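Numbered from 1 within each chain, the chains take letters A, B, ... in sequence-line order. Keep in mind that what you see is a predicted model, and the values were worked out from it rather than measured.
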There are 2 protein chains.
Amino acid sequence: MLSIEQLKILFPDWEQGLYESVLENAELKEANAGAVLLKRGQNIKSAMLVVEGTIKLYQEDEEGGEYFMYHLNPGEACAVTLVCNYHHEQSQVLAKAVTDIKFLAIPITFMEKWLNTYKSWHYFVIKTYRSRYEELLKTIHEVAFKNMDERLEYYIKKQVDQFGVTVKLTHQDIANDLNTSREVISRLLKKMEHNGWIKMNRNAFDWIKK
Amino acid sequence: MLSIEQLKILFPDWEQGLYESVLENAELKEANAGAVLLKRGQNIKSAMLVVEGTIKLYQEDEEGGEYFMYHLNPGEACAVTLVCNYHHEQSQVLAKAVTDIKFLAIPITFMEKWLNTYKSWHYFVIKTYRSRYEELLKTIHEVAFKNMDERLEYYIKKQVDQFGVTVKLTHQDIANDLNTSREVISRLLKKMEHNGWIKMNRNAFDWIKK
DNA sequence: AGGGTGGTGTGATAAATATCACAGTTTAAA
DNA sequence: TTTAAACTGTGATATTTATCACACCACCCT
């Protein structure tokens, strides 16, 4: 398990009692890069707080399509799993580990309790929803208004923000995340290379622009 | 101003003190159908709680495009205006009155105060974010995975849920809300009519399917 | 070294959507 | 009643994206 000191670094604004309650009731879990942590329609039995590594959140189609929405990093929580009412606890999203990860799994029975007990938990939940809400707005902005070339650029920038200028993804990976086909991505990347925005390698490329 | 009794009907789960604080500090405002209540980039100076009528929330493009996301009805609040931290209070959305409306405008200075004072306000904020978050997920699902014909059907169903089977919108209205062109909507509606899903009139049509 | 696999490049074509042009039709206003 | 404005229908065409087909190349495996 984690120490209180580690928790305090990850979640600096919590109350003392909340740290203790987390240590007491949460389970520290691990998963390997690539693992699916949550699927569309799956029942949510615990909240997920990221401790180590990065998670990618997707909107998932009935027919297997995926659309990447945002990353979750240490100190952040998966908004959908922070259910406050036990009724409709079906996941609307797909969550995948990008790297090897560690996360705290907190049984949802504590959600209601903590909302009543810890102000800092309340704030944490609100902050989480608010920031994820904003990410979703950005995603809608992209997908509702932009063509694939601009969406690809936006996607790469998010990737670069997370992992640096060397993007270690195949064209197929990117195509899956943007719900399009590899050929489209290949051609657009080629165009970016011609424009001097990227330098391509096998299985990866470097973002140069700006 | 409203009476406490009216407030209790609209927001049944609040604490007594919250009702009083709202009556004391909120301003009851009105707007006509079609009025723009909030624009992209606009500074948010007050939270909006719907009292009467219906508001439509849009994602707005820099170049004037719009994409309809969801309706707000009496008893509901605009999530984006429930800012808890005063820093980045720029609106990401466009809000329009669909009907004549009344709403409570609450200066954002009270947000922080009420979060500290009223548990029911805390719950209200979380509930608001949660339900809007889910609406956004549905919107992403439509726009990322569906073709225009399915998106149009989904759009009409939302309209029908709000205002009944007679849809009083021009093709241009719908095209604006779905960020496409009137011709596309006209042709798709024609197809729906052939399929017996709708019965078309001028400036309106009836939803028949199912 | 040879062969398989996965990643990439690219033409050809199809499908979905956007855009332009214009005609017809209903409604509202003069 | 005439006229203008708004709404609708529809062809033609352009653009964007999806799909199919296949060639090539780098790397790993034995």
Checklist line | Nearest-0.5 Å distance that lies between atom NZ in A:Lys96 and atom CG in A:Leu57 | finding: 11.5 Å
Next item on the list: Take atom NE2 of B:His171 and atom C1' of C:dG24, then tell me their distance rounded to the nearest Å.
Entry: 15 Å
Notebook entry, point to check: Does the side chain of B:Asn147 get closer than 4.0 angstrom to OP1 or OP2 of C:dT17 through an N or O atom?
Noted result: yes
Check: A:Leu178 has an atom CG; how far is it from atom P of D:dT16, in whole Å?
Finding: 17 Å
Margin query: Rounded at 0.5 Å granularity, tell me how far OG in A:Ser91 sits from NZ in A:Lys45.
Written below: 9.0 Å
Item checked: Cation over ring face, A:Lys168 and A:Phe163, 6.0 Å, 45° -> no
Next item on the list: Report the distance from atom CZ of A:Phe145 to atom C1' of C:dT17, rounded to the nearest whole Å.
Entry: 16 Å
Check: Between atom CG in A:Asn176 and atom P in C:dT8, what is the gap in whole Å?
Finding: 12 Å
Notebook entry, point to check: For D:dA6, does OP1 or OP2 lie under 4.0 Å from any side-chain N or O of B:Thr170?
Noted result: no
Check: About how many Å separate CD of A:Gln59 and CD of B:Glu142, when rounded to the nearest 0.5 Å?
Finding: 9.5 Å
Item checked: Spacing of B:Glu193 atom CD relative to D:dT8 atom P, expressed in whole Å -> 12 Å
Checklist line | Gap between atom OG of B:Ser186 and atom NZ of B:Lys190 - 0.5 Å precision | finding: 9.0 Å
Note to self: What's the angle between the local helix axes at either end of the helix from C:dA1-D:dT30 to C:dA30-D:dT1, using five pairs per end and rounding to 10 degrees?
What the structure shows: 30°
Checklist line | Separation of atom NZ in A:Lys191 from atom P in D:dT15, rounded to whole Å | finding: 12 Å
Check: Do NZ/NE/NH1/NH2 and the carboxylate oxygens of A:Glu153 and A:Lys157 come within less than 4.0 Å?
Finding: yes
Could I get a table of every N or O pair under 3.5 Å where one atom is in the protein and the other is in nucleotides 19-25 of chain D?
unit_1	atom_1	unit_2	atom_2	d
D:dT19	O4	A:Arg187	NH2	3.1
D:dC20	N4	A:Glu183	OE2	2.9

Checklist line | Integer-rounded Å distance: D:dA5 P and B:Asn203 CG | finding: 17 Å
Notebook entry, point to check: Which residue lies toward the 5' end of DNA chain C, B:Met148 or A:Met200, if each is placed at its nearest nucleotide?
Noted result: A:Met200
Note to self: Below the 4.0 Å mark, does D:dG9 have OP1 or OP2 next to a side-chain nitrogen or oxygen of B:Lys190?
What the structure shows: yes
Next item on the list: State plainly whether the residues B:Glu5 and B:Lys8 are in salt-bridge range, i.e. N to O under 4.0 Å.
Entry: no
Next item on the list: Using a cut-off of strictly less than 4.0 Å, decide whether B:Ser186 has a side-chain nitrogen or oxygen near OP1 or OP2 of D:dT10.
Entry: no
Notebook entry, point to check: Between A:Arg130 and A:Glu134, is the closest basic N to carboxylate O distance under 4.0 Å?
Noted result: yes
Check: Between B:Gln172 (CD) and C:dA18 (P), how many Å, whole number?
Finding: 13 Å
Margin query: For A:Glu62, is there an ion pair with A:Arg40 - N to carboxylate O distance below 4.0 angstrom?
Written below: yes
